[in-house]
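Below: one structure, written as structure tokens.
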Amino acid sequence: MSETPLPPRPEYRPGSAQPRLNRPVRERYPQIRSTSGYGDPRIRNTGPGPGAGTDQEPERSSRLNARLTLALTVVIGQLWALTVTVNEWMKGNTGTAWWGAGFLILSFLVVIGLWLLDPKDR
């Protein structure tokens, strides 16, 4: 079987001397309609309804934001206390280091308490 070679493609240049290359887009690509997308009759729903992206339960959102703020504050406090406690332990001040360890345990219990505060919110 011998295949016939395809004719070479014509070179496209804007403003070509060949009129068939200067046709408008709708003539070159008839499958693309000017209403493709927004005017397509197959599209019945344009997406989420009004209020999309806004919080539907502002009370829940404010509770979660408050708990998140408290938890982040406690975590920052724990990091600071851990730094101080390790520094004191390395200096040999074990009494201060034990107080720091107690603070770390207490702040961990606060985070657990915040987590247990509202189990239906998880």
Pairs touching residues 93-111 that satisfy salt bridge (Lys or Arg N to Asp or Glu O under 4.0 Å), sequence neighbours left out
none
Can you pull the salt bridge (Lys or Arg N to Asp or Glu O under 4.0 Å) pairs that have at least one residue in residues 97-113, sequence neighbours excluded?
none
Which donor-acceptor pairs under 3.5 Å do the side chains of residues 103-114 make with protein atoms, sequence neighbours left out?
unit_1 : atom_1 : unit_2 : atom_2 : d
S107   : OG     : Q78    : NE2    : 3.1
S107   : OG     : F103   : O      : 3.2
S107   : OG     : L104   : O      : 2.9

Linked hydrophobic residues, W80 as query - side chain contacts closer than 4.5 Å:
V84
Could you name each residue pair satisfying salt bridge (Lys or Arg N to Asp or Glu O under 4.0 Å) that touches residues 93-112, not counting sequence neighbours?
none
d(N65 CG, L70 CG) to nearest 0.5 Å is 11.0 Å
What residue pairs, at least two apart or across chains, pass side chain to side chain donor-acceptor pair (under 3.5 Å) with a residue in residues 91-104?
E88-N93
